[in-house]
Every structure is written in C-alpha cells, then in structure tokens.
Amino acid sequence: MSHETIESLLEEERRFPPTAAFAAQATVRDPAIYEQGEDIEAFWESHAKSFTWFSAWSKVLDWQPPFAKWFVGGTTNITVNCLDRHVEGDKADKTAFIWEGEPGDERIITYADLLRDVCRCANGLRALGVRKGDRVTIYMGMIPELAVAMLACARIGAAHSIVFGGFSPDALKERINDSDSRVVITADGAWRRAGVVPLKANVDAALAETPRVKTCVVVERVGRAKAGVEMVEGRDIWWHELVADQPETCDPEHMDSEDLLFILYTSGTTGKPKGIAHTTGGYMVGAAMTHKWVFDVKDDDIYWCTADIGWVTGHSYIVYGPLANGSTGVMYEGGPDYPDKDRFWDIVERRKVTIFYTAPTAIRAFMGWGDEFVTKHDLASLRLLGSVGEPINPEAWMWYHEIIGGGRCPIVDTWWQTETGSIMVSALPGLTTNKPGSASRALPGIHVDVVDEEGQSVPLGSGGFLVIKKPWPSMLRTIYGDDERYKDVYWSKFDGLYFAGDGCKRDSEGYLWLLGRVDDIMLVSGHNISTMEVESALVDHPDVAESAVVGRTHEIKGQAITAFVTMRAGTENTDEKRTEIRKHVATKLGPLGRPEEVYFAPQLPKTRSGKIMRRLLRDIAEGRDLGDVTTLADPSVVDSLRAQYQRHHT
Ligand code: WT7
C-alpha cells in the first residue's frame, strides 16, 4: 500500500501548538518524558508505585512472546485504588459521578456513596454464590448501577463481561455462553430518545439458550409497568431487594496482578466475537496513567467522556481511569438529540464541563445539525477536547476546535483499541504541536512503528501497517479461552510485533496519520487508495456533512470508488451536486480518487458503536442482496440507498 497511497491529501499545513497558558499548567510539560519511556520496565514500574498494593511484585515484566505478565507476584484490588484510598484520604465527599438521566433526573454520587453501593452489591453477589474467578455478564443502559455492578465484580474477584445494551438477544446469548457466565445483571429497560429499550425482555430471550445461567439480577430503572417486565420465579431477583440488607463494607479480594479483571467482546462485524481478556495490575496502571496525562486531569476538573460503558472507552475512561485518579465525571444516560440536538451542550454549560471526550462520528453529526445548537450555549468552561474511535478528518477537527473549543482548547486525538486497554498514540496536550487529523505520536513508554508487508520499518514520509514493538501493561493477555486465535490474529503477521490491523502513514516529521482498518483499502487501477482519504476529501466539500466510501468491482479498474454522502441541512440533492462533489474530490486527490458514483444518504448505516458498516455499503454498491442487518442502529437507512441503486441501474 505504502508508496502508492495517494500523497496529495494529508499534507496538512496547519499547526496548533499548545497555548502558553495551557502549557504552563499542564501535568506533563518536559519533553524528556519520552526518553524516560525508553526503558519500559523502569518507566512503568515508577507509575505502578503510586498505587495501593497488598503485596509488592517481584518482577516488573515477564515477557514470553506473545504472552506478557506485568508486576509479577504483586497483589491488589482495583476497587481499593478507585474507591477506598480516596475515601480514606480526603475525597470521601468528593463527587465521583454527576449522573444525568435522559428524562432529566439526576444523581450526584460521592466517592463514599460509590464505595458503599459497590460493597452492598458485592455482598449481594457473594450471597448469590459468585466467587473469585467466576464471570458475570452485565447488560444495562448508562445508569450508575452499571458502574456499581462492574466495580462490585472487581471487588470480589469475578470478571465482568459487559455487553452493550444495544445488542440483540442473539449477540448477548453468544457472549454469555462464550464467557460461561452463571449470573447476568440487567435493568428492566433503558431510556433512549423517550422510548424504552426492553433490556429485560432481551435477556429473557437470550436466557432461553444459556443453560448455565442460574440468576438474573434486575435494576428497576424505567418502572415495571412501562417495561412490561416478567420476573421468572427462582431465577430473577430485583437489584433493590438483593442489596437491601447487605452490609455497607465488603473485604476486597486480594487479586494477583495477572488475575482476570474483565472480558470485553470486540465489535467486529463478521466472525465469532473475540473475548478480549484484560488482567488487573497492568490494566489499572495503564488506564489511570494515560487518563491523567492525556487529559491533563486535575482535582477540580469536570470530565465528561460521552462513550457508553459497554465499550472499552467507557471501561477505561469513564470508570477505571477517572476513578483511580479520584476525578469527577459526568455520566449521561441518553441520546445527544433528546429532547433536542443541543442536549450535550446544555449539559456542558450547566455542569461546567472542562474536559470533553467524544467520537468523530458524533462530531460530524453535530456539524451536520448546524452551529446554532452549539452557539446558543456558553461553553467557556471547556479547556480540553478529545477524540476517539476512528480517524478524525481535518475539517471535523477544525470545526471541533473552533466551534466547540472556541479556538482555545487543545485536542487530543487518541488512537487505541479494545485490545490495547488504554491510549497508545496521542498528543500530550501541554507538549505536542497538533496537526489537524493526525493522532501525533506514541505516548511515553509505548513503542510503535509503521512497517511494510515484510515487517520492515518504512522511511519517514510513507505508509504501511501500524505495529506495537514492545509489550505494555494494559495489553490484552489473550482471547478468552483461545490462546491460538490470540497468536494468530495479533502476532502471526509480523514476527515479534503486535499487528493492530490499521493502515498508517508517518509524515516527514514522524507524525502518525491513521488510515483506518487495512481491510478498508481499495485497489483502483493498480493504486492503493484508503477509503478514509476519499472520505476526508468528500467532507471537505462545504455541502457534505458525512461520507462513507467503498470499493466495488469494476471490469477495467479492478475496483471503482462508490461514495455515500450525507448532505448538510438545506442543500439540494441534484445530479449537478453529484458532479460537483466528484470534481471536488478529483481536485483534492487527483483523478484516481474521483468516486465513480455518489449516493445521497439521509443517514449512513452504522453499528450501534457508531462504526460505518462498509460490508453493507459494499453490498449496495455491488447490487447484492443485503446480508444480516441486525447489528445496524437503524435498519431503515438502507432502503433509500437501495432505491437509488435501482434508479441508477435500470
Ligand atoms: C479501532 C479500534 C479505542 C476505543 C474505541 C474503539 C479505530 C480508534 C482511533 C483514532 C484513528 C482510530 C482503529 C482501531 N480507531 N481510535 N484516534 N484514529 N482510528 O475501539 O472498537 O476496539 O476499535 O478503532 O481502527 O483499530 P475498538
């Protein structure tokens, strides 16, 4: 892919150094920190020392490639680090979570409250027979009990496996069985755009085919009548009844640093889901340290990560990282456009949020909705912005910077994966000069490279595959129950290197430009073109809000580029517009990048985690029957696209 990749895009000229004011107060401001990260064992050991351990490790790292053990022999409990040490220190009354429900209800939860709730739940789980080493599946909406349930599992040494509340009963069943969970924790339902997601009914459907599940714990969130909940005698128990008479303290289990903390299934669109296994000590150190450094979190910050806890972003940067650092976080239950498209900005203004972390797909949606939903709010409290989940195209970066950040907030574009457990590549906001669209470079203590097909490092100014060269504390330890698959997926492509699956270009100054999954590369007339580059050129057109690009088979070119675009409010979807958009891309990328056809999409088909479903778009572009659409957030969006295909081809 490397040298053939279109070179014209990604020659971003704009530079954004940290402001003097920001740099002066930043936690990390000495560039020598990168050198300290050269010696990974000394570096990570120095961080591990700031945590509470029951007993110290005898060895920092035991690396039998590709199997790593960190802080070998050390014992701890992550909840002691997230809760007890703050409560025993000076933070008992500090707010851990400012929680807002979609209907407008709120709960302010202090560290003392959270510790008490976690202990009661942990005791309840023990009463149900849950023991150290067991797995518990959690399937809930964004309510405080979700964080309480996961911490309660960690308290007693049971690994949690959280399944995102938007998943179908089938997906849930598969994950319950793969993890061999005997207990499932859920809620009667979840609020979403004023409707109710029937969580408990979904669990009931899943549990029809999960013979080993003995108990289902149910939080009452929306009210029994609304959710139409049926409790199965002998199996189901209400959360409030389970915890009612439980003691408010609970001895934390002493966990080996390498004991399983959680399993999280990756959101792949094909194949059996992979249960990514994370262990205790290394994950704790990685999540907490990166949260503190990348987000420059201080004691008085109000930090808001808008992810769902059902994804790894929520695990590491709503729950474990922020709580380990004793910070105050916002947690919001519902959708960004309920009751109106300014819900997020209303929350930022009212709660005086200082640090805001979201995904490019959300940013582009906000852009498409129009600036007025933002500008009617006072966002002066914000001081740092973050992005995660996919490459952020320069236009979205600029909009985020100017309209949300008022031109004053550094942006941290954070590259990482469920597998990496914590952020690997990101700016350090007090140090790094940003280039819009680049995630910049690996964090101190993290060693990445860009390599060619043979695993050789490519020169500056060219592209290849992103790899990680040395083990890191929060790395996945295996795929749950399948060491062979772990070796095969991540360690077999290049000898001794972790293969992340992402294409990446490294510019002349060593900045990294993520190009998306390598399976998203098209081959047009013998040239490799990344879908992301074309998408970036498309949204550079003033009328285009969001785009997705796929390659389809073409008799002559091998592959041709098909573009799907969502237009900004108030533009006309005419054939002239199509021509203009195709021309615009050709001007930016050269004629090779020009899409063969442009479809107007009122919305793009996305998974519930916000990832565009390219497989489906490819089916549409090829005129094929559509396969499984059940993981789509909104299955109706494909109908209009199919109609346009038919108009095109009849
Ligand atoms: C994949 C991992 C990590 C939390 C959310 C996703 C893509 C993630 C970025 C970024 C470019 C990114 C990669 C990666 N990705 N962050 N800042 N720039 N691409 O977790 O579901 O495990 O997905 O998301 O393709 O491999 P995930």
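We count ligands from 1, going down the list as the structure has it; atoms in each ligand are counted the same way.
- No donor-acceptor pair closer than 3.5 Å links the side chain of Ser438 to the backbone N or O of Lys435.
- The closest approach between a heavy atom of Thr266 and any atom of ligand 1 is not below 4.0 Å.
- With a 4.5 Å cut-off on side-chain heavy atoms, Ile561 and Val549 count as touching.
- The distance from ligand 1 to the heavy atoms of Leu514 drops below 4.0 Å at these ligand atoms: 11 (C).
- No hydrogens or angles considered: a donor-acceptor pair under 3.5 Å links the side chains of Tyr486 and Trp491.
- In this structure, Trp345 and Phe356 have tilted ring planes: the angle between them lies in the 30° to 60° band.
- When ring centroids are compared, Trp99 and Tyr332 stay outside the 6.0 Å threshold.
- Nearest heavy atom pair, residue Leu199 against residue Ala190, reads CD1-CB, 3.8 Å.
- Every atom of ligand 1 is numbered from 1 in the order shown, and the set under 4.0 Å from a heavy atom of Pro391 is 11 (C), 18 (N), 19 (N).
- Counting heavy atoms closer than 4.0 Å to ligand 1, residue Glu390 contributes backbone atoms (N, CA, C, O) but none from C-beta onward.
- Of all atoms in ligand 1, numbered sequentially from 1 with element shown, those under 4.0 Å from a heavy atom of Val312 are 4 (C).
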Candidate pair His278 and His160, rule ring-ring contact (aromatic ring centres under 6.0 Å, His included), full reasoning: CA-CA 10 Å; His278 282 288; His160 52 75; over 10 Å; no
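- Atom NZ of Lys292 has 12 or fewer heavy atoms from other residues, nucleotides or ligands within 6.0 Å.
- For the pair Thr313 and ligand 1, the shortest N or O to N or O distance does not fall below 3.5 Å.
- The N/O atoms of Gly389, backbone and side chain alike, include one that comes under 3.5 Å of an N/O atom in ligand 1.
- Residue Asp502 holds the heavy atom nearest to atom 14 (C) of ligand 1 of all those in Val425, Asp502, Ile423, Val388.
- Using a 4.0 angstrom heavy-atom cutoff, Trp311 does not count as in contact with ligand 1.
- Heavy-atom separations between Gly501 and ligand 1 are all 4.0 Å or longer.
- Using a 4.0 Å cut-off between heavy atoms, Thr414 contacts ligand 1 through its backbone alone, with no side-chain atom that close.
- Residue Ser387 places no N or O, backbone or side chain, under 3.5 Å from any N or O of ligand 1.
- Contacts between Thr418 and ligand 1, counted as non-hydrogen atom pairs separated by less than 4.0 Å, involve both the backbone and the side chain.
- By the 30° and 60° cut-offs, the orientation of the rings of Tyr498 relative to Tyr490 is parallel.
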